[in-house]
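Just so you know, ligand 1 is whichever comes first in the structure, and atom 1 is the first atom listed for that ligand. Values below: every heavy atom of this structure, side chains too, minus hydrogens, waters and symmetry copies.
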Amino acid sequence: MPQFPTNFIWGSATSSYQIEGAASIEHRGPSIWDAFCQTPGKIDNNDNGDVACDHYHRYQEDVQLMSNMNLGAYRFSLSWPRIQALGYGDVNQVGIDFYNRLIDTLLEKNIQPWVTLFHWDLPLALQMEQDGFLNDNFADYFADYADICFRHFGDRVKHWITLNEPWCSAFLGHGNGYFAPGRSSDSEPYVAAHNLIRAHAKAVHVYRSQYKESQQGVIGITNNCDWREAKTDEPKDQAAAQRALEFFLGWFADPIYKGDYPKVMRELVGDRLPQFTEEDRKLIKGSSDFFGLNHYTTMYASDAGTNDIDNSDVSGNGGMADDQGVELSADPSWERTDNDWNVTPWGCRKLLEWISERYDKPTIYITENGCCLPDEDDIKVATDDQRRLNFIKGYLTACHEAIENGVDLRGYFCWSFMDNFEWACGYSKRFGIHHVDYATGTRTPKASALWYADVCKSGIVAD
Ligand code: PNW
């Protein structure tokens, strides 16, 4: 049975818009997700995050559940428009008070807060007035907001994540329009990504120059990436898989670890890929104390040659498919989750090893990994989530193999602590290890949570 190192961090994760609700609590401004949810047809069942899990009011109960399951760390995000209604200007004390209560309650239970500054709920005013991520000045707004967060919470928060999955903001938000702000373009994703990377680096600079010495915390970024397995041994498919990984993860990680975008992106994207200034580059290179990784699935990659690629299939997670010239496919024999992601733990090991090699053995934390299962009416069926339990067991076993092979993986956060608002899928998809009855708000631990509680306690991935 795989036994993890004693100091391994065992956690679980959520994000503000997906769980908090309390959308109209004093001075919380609207975010691009509030607006997107009001746009007919964008969200399954026209769901929205107005109430969600009502975590804003039920946080004490939630922290108690975390404590019951021996969590060492809880990763959550701050709602920017709860802290600054417009994304700039006045600080909203009501929002600060809420996060202070949450952080204090976690620490009373010995659970370390891992705080993400931005998990997609951009203040709507910044979108409407400034074009959000497309404006160069986004980095300055974000750095000012980060400063507020470090100042108010940094005495107790020692693990900071600037951005969650900028790939999603760039591609799903500006490439295929599947996520807020819902734009569709073949150039905007590169501009959005560029400014997100610059924003991350500016926030890190604020932390390191003004807070790190007194607060003694660490700060990094979380990127998402699937594994890409070459479909055949042919060199052109091997190259396609490598190219796909560079377009997915290298897009965001290469600037931080190597100082610029991957060469292959420069060649294939041309003028649509912005250039970093020398000043940007200085701030960006080396701007992450650890490598945050969200990982869920694997696809085969093959060289697309001159074929047009169908870029519309989100479950393929292809990114800028036409630019990459990569065709994705899945093995029909692979098990799949309810959102059509393949259950492929071996891809997790391979991705960890790829990162370790490409970026010179960084300290890695898996800040999300989890399994989507269908909504069930019957609570007994819903909580008997053996498939999710097996998913987590499989991926943790793969993580353990990666550690044995020399990967510096130091923590794992299960997505998600509880069922929640799954973005464009609304409440129709469930990733939680706790069941949430959205009518009453009642939480119930699922089999996966009970099993994971033992893992958190013992560090052993038991059968
Ligand atoms: C992540 N993709 O989203 C997010 O960080 C979570 O908020 C979300 O609930 C979770 O994963 C499950 O979806 C992703 O298309 C959304 O590759 C889409 C993709 C990846 C991650």
Side-chain angles (χ1 to χ4, degrees), residues 11-20 31 33 36 43-44 47 49 52-53 55 75-79 114 116-122 161-180 189 196 221-228 244-245 247-249 251-252 292-299 301 311-321 324 328 330 336-344 347-348 351 365-373 388 391-392 395 413-433 436:
S12 186
T14 62
S15 88
S16 48
Y17 191 70
Q18 293 181 274
I19 65 163
E20 284 179 2
S31 80
W33 272 94
F36 198 59
I43 314 290
D44 286 359
D47 287 337
C53 308
H55 171 74
R75 172 179 177 243
F76 62 97
S77 76
L78 306 177
S79 160
W114 283 52
T116 307
L117 293 171
F118 180 68
H119 197 129
W120 307 352
D121 40 2
L122 181 74
I161 294 167
T162 53
L163 306 176
N164 178 68
E165 303 187 351
W167 180 92
C168 288
S169 302
F171 176 64
L172 302 177
H174 289 264
N176 66 3
Y178 181 63
F179 279 4
L196 282 157
I221 187 170
T222 276
N223 285 301
N224 61 309
C225 194
D226 301 350
W227 176 245
R228 295 292 180 247
L245 291 165
F247 263 83
F248 206 145
L249 187 56
W251 186 5
F252 298 91
L293 175 69
N294 292 353
H295 173 74
Y296 290 91
T297 190
T298 287
M299 299 279 281
N311 201 8
S312 62
D313 177 10
V314 198
S315 71
N317 303 346
M320 306 303 286
Q324 298 179 40
L328 300 177
R336 282 198 293 179
T337 66
D338 193 45
N339 64 342
D340 283 342
W341 288 352
N342 303 303
V343 182
T344 40
C348 182
L351 178 62
Y365 294 98
I366 293 190
T367 42
E368 282 179 31
N369 170 248
C371 174
C372 181
L373 292 178
R388 180 176 287 109
F391 179 104
I392 299 171
Y395 276 76
F413 291 74
C414 174
W415 183 270
S416 174
F417 174 70
M418 59 186 155
D419 295 332
N420 59 51
F421 175 76
E422 178 51 29
W423 307 112
C425 300
Y427 297 98
S428 69
K429 303 288 181 207
R430 290 181 183 255
F431 274 91
I433 56 176
V436 175

Colleague: Considering both backbone and side-chain atoms of H119, is one of its nitrogen or oxygen atoms within less than 3.5 Å of a nitrogen or oxygen in ligand 1?
Modeller: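 There is such a contact, yes.
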Colleague: Is the distance between the ring centroids of W167 and F248 under 6.0 Å?
Modeller: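 When the ring centroids of W167 and F248 are compared, they turn out to be within the sub-6.0 Å range.
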Colleague: Indicate, as side chain, backbone, both or neither, the part of N420 found under 4.0 angstrom from ligand 1 when only non-hydrogen atoms are considered.
Modeller: neither
Colleague: Does any N or O atom in W423 lie less than 3.5 angstrom from one in ligand 1, N or O only?
Modeller: yes
Colleague: Answer with side chain, backbone, both or neither: which part of Y17 has a heavy atom less than 4.0 angstrom from an atom of ligand 1?
Modeller: neither
Colleague: What do you reckon, does N339 have a nitrogen or oxygen under 3.5 Å from a nitrogen or oxygen of ligand 1?
Modeller: no
Colleague: Answer yes if the ring centres of Y365 and W114 are under 6.0 angstrom apart, and no otherwise.
Modeller: yes
Colleague: Would you say ligand 1 has an N or O under 3.5 Å from any N or O of E422?
Modeller: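 Yes, at least one N or O pair falls under 3.5 Å.
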Colleague: Under 3.5 Å between any N/O of E368 and any N/O of ligand 1: does that happen in this structure?
Modeller: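 E368 vs ligand 1: N/O contact under 3.5 Å present.
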Colleague: Establish, from distance only, whether the side-chain atoms of S77 and S16 form a donor-acceptor pair under 3.5 Å.
Modeller: yes
Colleague: Examine W341 against ligand 1 and note whether any of their N/O atoms are separated by less than 3.5 Å.
Modeller: no
Colleague: With a cut-off of 4.0 Å, which atoms of ligand 1 are near a heavy atom of N224?
Modeller: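 Per the distance check, 20 (C).
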